[in-house]
A.B. asks: 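First, the structure itself, so that you have it in front of you.
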Amino acid sequence: MEQVSADDLLAWIREFARLVAENRDALTELDAAIGDGDHGANMHRGTTAVLAAVDGAAPAAPGALVKKVGTTLVSTVGGASGPLYGTFFLRLGTALGDAATASPADVAAALRAGVEGVVARGRAEAGDKTMVDALLPAVTACEEALAAGRTWAEALAAAAEAAAAGRDATTPMVARKGRASYLGERSAGHPDPGATSAALLLAAAAGTLAGGSR
Ligand code: ADP
Ligand code: MG
């Protein structure tokens, strides 16, 4: 049975960092429209620190690796998104435990634990126009695809598609959490920055977590 290794997770993190760097200005523009214009800079600072933290010193076990990502994001990103992304990766790490590799079902369960951590910490529900609107449907799509007997690569592709659709669905929403909620009705008409970065996280997963050859 196919297994997800720490190397696969490292490839995911590196690809996420690459996508954040590529989209830094776009994320900042989105946040300038309905927040304070720092989401791209915040995420880029965090992923740059993550790359430095794992460079030549990446933990060999999946759980320890993503925990290191989480602690690095918490200590470097700041803003609302730092503790939330940090919580996501820390919960992922707790769920993956000490095992040397993880099955697709283990990873799906860990992703579910991660998004539950974000919800517990930020108290945002689906429809509040936050990163939760991309993360929740992605995890559900991943679980459903695996339950339907689809391959791991297909499940990850479904998760990325659901995250992108969830991101797009935030555009007409009125924000009920975070800085964008201060704008009330005027927050409608713009995609949520955090949902946009979360869609990048799932896009990165789809390109890497099923391994290079599978
Ligand atoms: P800040 O809002 O402190 O400037 P960022 O700009 O880095 O932090 O991140 C903003 C993003 O954080 C929002 O677009 C939203 O997706 C997410 N966010 C804010 N508050 C919450 C919350 N309570 N729960 C989930 N996500 C949230
Ligand atoms: Mg901001």
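Remember, it's 1-based here, ligands and their atoms both numbered in the order they're listed.
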A.B. asks: Any idea which N/O/S atom from D38 gets closest to the Mg ion (ligand 2)?
C.D. replies: OD1

A.B. asks: Under 4.0 Å from a heavy atom of M131: give me the atoms of ligand 1 that qualify, with their elements.
C.D. replies: 16 (O), 17 (C), 26 (N)

A.B. asks: If you measure from atom 23 (N) of ligand 1 to every heavy atom of G122, G178, A180, which option wins on shortest distance?
C.D. replies: G122

A.B. asks: Any N/O of K129 closer than 3.5 Å to an N/O of ligand 1?
C.D. replies: no

A.B. asks: Among V50, L9, L201, whose side chain to side chain contact (heavy atoms under 4.5 Å, CB included) with F89 holds?
C.D. replies: L201

A.B. asks: Should we count CD of E22 as having more than 12 external heavy atoms under 6.0 Å?
C.D. replies: yes

A.B. asks: Test your reading of the structure: does N42 have an N or O sitting under 3.5 Å from an N or O of ligand 1?
C.D. replies: yes

A.B. asks: For G78, is at least one N or O under 3.5 Å away from an N or O on ligand 1?
C.D. replies: no

A.B. asks: Would you say Y85 and M43 make side-chain contact, with heavy atoms under 4.5 Å?
C.D. replies: yes

A.B. asks: What do you reckon, does A124 have a nitrogen or oxygen under 3.5 Å from a nitrogen or oxygen of ligand 1?
C.D. replies: no

A.B. asks: Can you list the atoms of ligand 1 that are under 4.0 Å from a heavy atom of D38?
C.D. replies: 4 (O), 5 (P), 6 (O)

A.B. asks: Under 4.0 angstrom from ligand 1, any heavy atom of R123?
C.D. replies: no

A.B. asks: How long is the span from the CG atom in L135 to the OG atom in S197, to the nearest 0.5 Å?
C.D. replies: 8.5 Å

A.B. asks: Report yes if the side chains of H190 and L30 come closer than 4.5 Å at any heavy-atom pair, otherwise no.
C.D. replies: no

A.B. asks: What is the name of the N/O/S atom of D36 that is nearest to the Mg ion (ligand 2)?
C.D. replies: OD1

A.B. asks: Using a 4.0 Å cutoff against the non-hydrogen atoms of G194, which atoms of ligand 1 qualify?
C.D. replies: 13 (C), 14 (O), 16 (O)

A.B. asks: Under 4.0 Å from a heavy atom of D36: which atoms of ligand 1 are those, numbered in the order shown and with their elements?
C.D. replies: 4 (O)

A.B. asks: Among H44, R45, H39, find the one that has a side-chain hydrogen bond (donor to acceptor under 3.5 Å, both in side chains) with N42.
C.D. replies: R45

A.B. asks: If you define the side chain from C-beta out and look only at heavy atoms, does anything of T94 sit under 4.5 Å from K67?
C.D. replies: yes

A.B. asks: Between D31 and ligand 1, find which residue part has any heavy-atom pair under 4.0 Å and reply side chain, backbone, both or neither.
C.D. replies: side chain

A.B. asks: Can you check whether V118 has an N/O within less than 3.5 Å of an N/O in ligand 1?
C.D. replies: no

A.B. asks: NZ of K129 to OG1 of T171: how many Å apart, nearest 0.5 Å?
C.D. replies: 6.0 Å

A.B. asks: Test of understanding: given a 4.0 Å heavy-atom threshold, classify the contact between L84 and ligand 1 as side chain, backbone, both, or neither.
C.D. replies: side chain

A.B. asks: Got a second to check how far E2's CD is from T101's OG1, nearest 0.5 Å?
C.D. replies: 11.5 Å

A.B. asks: How is the N/O/S atom of D31 that comes nearest to the Mg ion (ligand 2) named?
C.D. replies: OD2

A.B. asks: For the side chain to side chain contact (heavy atoms under 4.5 Å, CB included) test, which of T28, D31, V77 pairs with D38?
C.D. replies: D31

